[in-house]
Amino acid sequence: MAKIGINIATGSLQQNEMIVGIDLGTTNSLVAIIHPDTKQPVVLKEHDGVALVPSVVHFGEQGLVTVGDAARDFLVTEPQHTIFSVKRLMGKSYSDIKEHAGFFSYKVIDDNTDSLVKIQVGSVFYSPVELSSFILKELKSRAEHILKTPVTKAVITVPAYFNDAQRQATRDAGKLAGLDVMRIVNEPTAASLAYGMGLGRDETKTIAVYDLGGGTFDISVLRISNGIFEVLSTNGDTYLGGDDFDREIVRYWTGLAGLNEEELSMHKNLAQEFRLLAETAKVSLSCSDNFTGTVAGETFTLTRSKFENLVEGLVARTIRSCTQALQDAGLSKEDIDEVVMVGGSTRVPLVKEQVSLFFGKKVHDTLNPDEVVALGAAVQADVLAGNNKDVLLLDITPLSLGIETMGGLMDVLIPRNSKVPSKAGRQYTTQKDGQGSMRISVYQGERDLVKDNRKLAEFNLTGIPGMPAGLPKVDVSFLVNADGILTVKAKELRSGVEQSIEVKPQYGLTDDQVEKMLLDSITHAQEDIRVRALVEAQTDAQQILDATALFIGKNESLLTSQEIAETKSCMESLSALLLSGTKDEIQSGIETLNELSRPFAERLMDQAISKAMKGKNIME
Ligand code: AMP
């Protein structure tokens with residue numbers, strides 16, 4: 001079982017190991033590697049020179065599964081058995097996608113729950129993870145065929161906006177396809193890497209990655225500094241792309257031919273013919289000024305300027321997203337150092353022009369925009385394989401890191417999936433008067449109670465000078481360096497005493513263990529929230545009990561004996577609740593004690609004020 005490397009720079013991977021880069025796309029997928037001789041990234045191509053594998057899965061007779069071009073041919077003839085755009089369903093529940101349910105011509109199960117969607121093909125149900133794994137299996141076997149060597153390790157790219165569930169689903173799909181997924185990389189990050197951005201250690205740059213594919217549009221603003229890519233903002237439209245350009249052309253031509261949409265939808269083959277010719281026209285107009293073709297014996301023409309006229313509104317929408325992305329990142333156009341073009345539709349000259357005009361600079365478009373993400377994934381894979389030692393490796397923490405606070409609660413300082421290096425700090429204080437030391441217990445995991453997480457280290461900060469509870473300020477800081485080593489420091493700010501410890505956070509955790517810990521956190525989420533609320537109520541109760549006892553001890557003269565008796569009995573009932581009460585019972589106990597003791601505190605305050613005023617003249 002592979003361990004998750006702690007030290008990613010000197011990780012457990014062997015030299016020269018083949019790790020492929022995979023762009024698992026909505027429409028097309030492809031694989032790239034670093035060429036062993038040229039050391040340059042290249043996409044893997046079959047003899048016919050085709051690198052793109054359509055991300056389409058077809059289920060035929062007797063469970064025969066085909067992927068790619070062969071499967072795409074069934075899109076029109078067997079829509080219920082042919083799955084496309086499965087990436088749109090990754091990590092999603094039906095309620096997430098119901099707005100777009102009409103988009104899918106296959107059966108997405110509406111079970112009215114928030115659990116992950118399933119797709120029904122005949123009598124069999126598939127998860128998006130399984131469906132993606134079919135695509136990945138196909139990519140793996142094609143790569144093995146071309147490279148003539150087993151391929152077991154991969155870097156897979158995902159959109160920058162993918163959340164944890166979607167990233168985890170992608171990882172799982174890889175695992176199911178027999179791939180060890182070494183890293184999930186953001187697509188815009190990969191695209192920038194393909195252009196060599198971010199490979200210099202001291203480089204600091206702000207990059208806009210404009211990605212217009214067949215069906216989706218994304219704009220991401222990234223900052224690279226010292227080898228770390230940070231996504232500052234993302235924007236886009238998950239239902240806008242080159243297919244919409246094709247639709248505009250079809251609408252224009254069918255309008256000229258006097259056909260309306262209803263008639264067209266009745267003649268599926270005719271509609272398909274129009275669509276295919278429209279795409280051909282669009283592609284050809286990227287490098288010529290006129291296009292002529294025929295559908296059902298009729299001739300149709302289109303000029304570049306008419307085409308631009310048809311799609312300018314769609315392009316303008318993408319530019320509005322760019323404005324929004326800049327605004328969200330708190331940047332202006334001038335702050336963008338580089339603009340990278342990704343996706344087949346960025347070949348449209350109008351798109352290039354408008355993007356370049358908007359950002360006021362030349363865009364990067366020398367690499368094939370369909371391949372650029374896979375090429376970048378290969379660059380990242382090469383770094384992970386240990387072949388590019390000059391490059392600082394980027395990683396994220398797989399599980400949250402935190403310390404134990406009162407009541408055995410986990411206080412997270414560095415949440416899971418934080419980029420490394422990463423730094424976080426928080427101040428704590430003592431619970432008891434004169435407390436001279438503080439125990440710092442470091443944990444890793446997603447559960448609310450530390451006992452359910454994994455203890456990494458523990459140390460005592462000693463030598464805290466005697467002070468009343470709550471007065472010392474203990475600054476606890478976590479630093480995970482680029483090698484994945486966590487250093488925990490604790491410093492009492494008033495006295496300056498400090499102590500630190502080094503921990504290797506992921507050491508010895510297998511992929512399966514990490515996965516189990518994450519799964520547990522999901523399974524126990526509800527229970528954890530309940531327990532956390534109870535522990536918090538218990539902690540609050542203990543604090544008010546201690547404070548009230550202290551108050552009575554010091555200020556007995558202020559209270560009548562009846563008040564003291566009442567308070568004591570109220571404290572006893574709260575103490576009893578502490579052991580066996582529910583969160584609500586404890587809270588109402590706290591409330592009662594608070595109500596009872598509030599006038600005492602006011603009385604003490606009045607007395608202090610009147611003491612302070614004695615003998616002093618109030619200025620007139
Ligand atoms: P992608 O999803 O990145 O593979 O992009 C696919 C989209 O790019 C489809 O809508 C294609 O029609 C479009 N496309 C591919 N080549 C060209 C081209 N030369 N000019 C315009 N659009 C293109």
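Just so you know, ligand 1 is whichever comes first in the structure, and atom 1 is the first atom listed for that ligand.
- When ring centroids are compared, Phe274 and Phe300 come within the 6.0 Å threshold.
- Within the structure, side-chain hydrogen bond (donor to acceptor under 3.5 Å, both in side chains) pairs that include any residue of residues 276-286 comprise Asp246-Lys282 (at least two apart or interchain).
- Under the 3.5 Å distance criterion, with hydrogens and angles disregarded, a donor-acceptor pair is assigned to the side chains of Glu130 and Ser127.
- Using a 4.0 Å heavy-atom criterion, the residues that approach ligand 1 are Thr27, Asn28, Gly213, Gly214, Gly242, Asp243, Glu279, Lys282, Val283, Ser286, Gly343, Gly344, Ser345, Arg347, Val348, Asp370.
- Side-chain atoms of Ser29 and Ser55 include a donor-acceptor pair closer than 3.5 Å.
- Residue pairs meeting the salt bridge (Lys or Arg N to Asp or Glu O under 4.0 Å) criterion with at least one member in residues 315-324, sequence neighbours excluded, are Asp237-Arg317.
- Among residue pairs with one or both ends in residues 360-373, those qualifying as salt bridge (Lys or Arg N to Asp or Glu O under 4.0 Å) are Lys45-Glu371, Arg347-Asp370, Lys352-Asp365; sequence neighbours excluded.
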